Structures are given as C-alpha cells and as structure tokens.
Amino acid sequence: MSTGYAWIVLFIAGLCEVGWAVGLKYTEGFSRLWPSAATLLAMVASVVLLGWSLKVLPLGTAYAVWTGIGAVGTAILGIYLFDESREALRFVCIGLIVAGIVGLKLVTPDTH
C-alpha cells in the first residue's frame, strides 16, 4: 500500500469513527436494532481501516490523526444535530485539533 493510499484509508477510518460516535446517540443504549447494527458496523470498519493504514503509517501519527478526525467530526455534528454549544471558544478548540492533525501529516515523511 502506498503512503498516499494509507492516508486516504486513515481518513475514511476517521469518518467511520465519527459515524459510530454519533450513532451511539441514536442507539439509545443499544436498545434500537438498526441504529445499533449500523453503529457496530461503523466501529468494526473504523478499526479495520485504521489497522490497514498502520501497515504504512507510523502508529503514533495514525492513531492521533484517527482520533482527531473522530473528535472534530463528532464535535461538529454534535453542534448541528444535537444543538450543542456554539461558543466561539469551542470552535477555537476544534481548530486547534485540526491544526494538530495537519501538523502531524506535514511532519510524517512519505516512506513508501
């Protein structure tokens, strides 16, 4: 797997993490069948894709980017889907996470 492809796989893994994190809200404690099934599927996909990306990418970088995508995406969807706080400081903090993700990508050498 090329490094570029590994980054794409990692990005998709991060989106799957957002999917399962948001999906947890809809499962109502895993008491609803279809939201629970979709959430579990997103969990498995997220971890499998992360694992594939680790064939090429450094563990520390990949894990931090994966969790960062999950955190940013979940925070943004929480604002829009569940009417969570829209304070300016919240967006500044989200921006700092994005800056960290971009920084890690920039300092990770392309080795393949």
Side-chain angles (χ1 to χ4, degrees):
M1 170 185 324
S2 71
T3 304
Y5 183 70
W7 281 107
I8 292 168
V9 169
L10 180 61
F11 180 75
I12 295 168
L15 294 179
C16 290
E17 182 175 347
V18 173
W20 73 256
V22 172
L24 285 173
K25 186 78 168 172
Y26 292 103
T27 69
E28 295 180 12
F30 290 99
S31 65
R32 298 178 62 212
L33 176 62
W34 294 115
S36 297
T39 298
L40 291 170
L41 179 64
M43 286 177 176
V44 169
S46 181
V47 172
V48 167
L49 292 171
L50 172 63
W52 285 350
S53 74
L54 290 174
K55 291 179 179 181
V56 175
L57 301 175
L59 171 64
T61 299
Y63 184 76
V65 169
W66 178 67
T67 59
I69 292 168
V72 168
T74 302
I76 290 170
L77 286 177
I79 291 167
Y80 292 104
L81 294 175
F82 306 116
D83 201 32
E84 294 177 359
S85 170
R86 290 175 165 77
E87 290 184 40
L89 185 56
R90 185 179 181 112
F91 288 102
V92 169
C93 293
I94 290 170
L96 290 170
I97 296 169
V98 171
I101 293 169
V102 170
L104 286 170
K105 167 63 173 101
L106 292 175
V107 301
T108 300
D110 288 338
T111 57
H112 290 85

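A quick note: this is a predicted structure, and the numbers were derived from the prediction, not measured.
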#### Entry: Those residues that, when tested against Leu106, pass side chain to side chain contact (heavy atoms under 4.5 Å, CB included) (two or more places apart)
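By the side chain to side chain contact (heavy atoms under 4.5 Å, CB included) rule, Leu106 matches Val102.
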
### Message
Just to verify, what does Leu49 make a side chain to side chain contact (heavy atoms under 4.5 Å, CB included) with, not counting sequence neighbours?
### Response
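Leu49 satisfies side chain to side chain contact (heavy atoms under 4.5 Å, CB included) with Val9, Ile12, Ala13, Cys16, Trp52 only.
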
### Task
Give a yes or no on this: more than 12 heavy atoms of other residues, nucleotides or ligands lie within 6.0 Å of atom OH of Tyr5.
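Check fails, neighbour count at 12 or below.
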
### Atom NZ of Lys105: over 12 foreign heavy atoms under 6.0 Å
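It does: Lys105 NZ has more than 12 such atoms within range.
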
Gap separating the [atom1] atom of [X] from the [atom2] atom of [Y], nearest 0.5 angstrom:
X	Y	atom1	atom2	value
Ile101	Leu10	CD1	CG	9.5 Å
Leu24	Thr74	CG	OG1	9.0 Å
Thr3	Met1	OG1	CE	10.0 Å
Ile69	Ile97	CD1	CD1	12.0 Å

### Message
Using modelled atom types and a 3.5 Å cut-off, is there a donor and acceptor pairing between side-chain atoms of Thr67 and backbone atoms of Ala64?
### Response
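Side chain of Thr67 to backbone of Ala64: a pair is present.
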
#### Entry: Residues clustered with Tyr26, ILVMFWY side-chain links under 4.5 angstrom
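Once heavy-atom contacts under 4.5 Å are chained together, Tyr26 belongs with Val18, Val22, Leu77, Leu81, Phe82.
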
Check the hydrophobic clustering (I, L, V, M, F, W, Y; side-chain heavy atoms under 4.5 Å; chains of links allowed) and say if [X] and [Y] are grouped together.
X	Y	answer
Phe11	Leu59	yes
Trp20	Val47	no
Leu96	Phe91	no

### Message
Test of understanding: with side-chain hydrogen bond (donor to acceptor under 3.5 Å, both in side chains), list the residues that count as partners of Ser53, not counting sequence neighbours.
### Response
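By the side-chain hydrogen bond (donor to acceptor under 3.5 Å, both in side chains) rule, Ser53 matches no residue at all.
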
### Query
Among all residues two or more places apart in sequence or in another chain, which pass the side-chain hydrogen bond (donor to acceptor under 3.5 Å, both in side chains) test with Arg90?
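So Arg90 forms a side-chain hydrogen bond (donor to acceptor under 3.5 Å, both in side chains) with Glu84.
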
### Where at least one partner belongs to residues 54-80, residue pairs that pass ring-ring contact (aromatic ring centres under 6.0 Å, His included), sequence neighbours excluded
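Found Tyr63-Trp66.
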
Donor-acceptor list for residues 35-44 side chains, cut-off 3.5 Å, not counting sequence neighbours:
{"residue": "Ser36", "atom": "OG", "partner": "Arg32", "partner atom": "O", "Å": "2.5"}
{"residue": "Thr39", "atom": "OG1", "partner": "Gly23", "partner atom": "O", "Å": "3.3"}
{"residue": "Thr39", "atom": "OG1", "partner": "Pro35", "partner atom": "O", "Å": "2.7"}

### Task
Mind listing the closest non-hydrogen atom pair of Leu50 and Ala62 along with its distance?
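Nearest heavy atoms, Leu50 then Ala62: CD1-O, 4.2 Å.
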
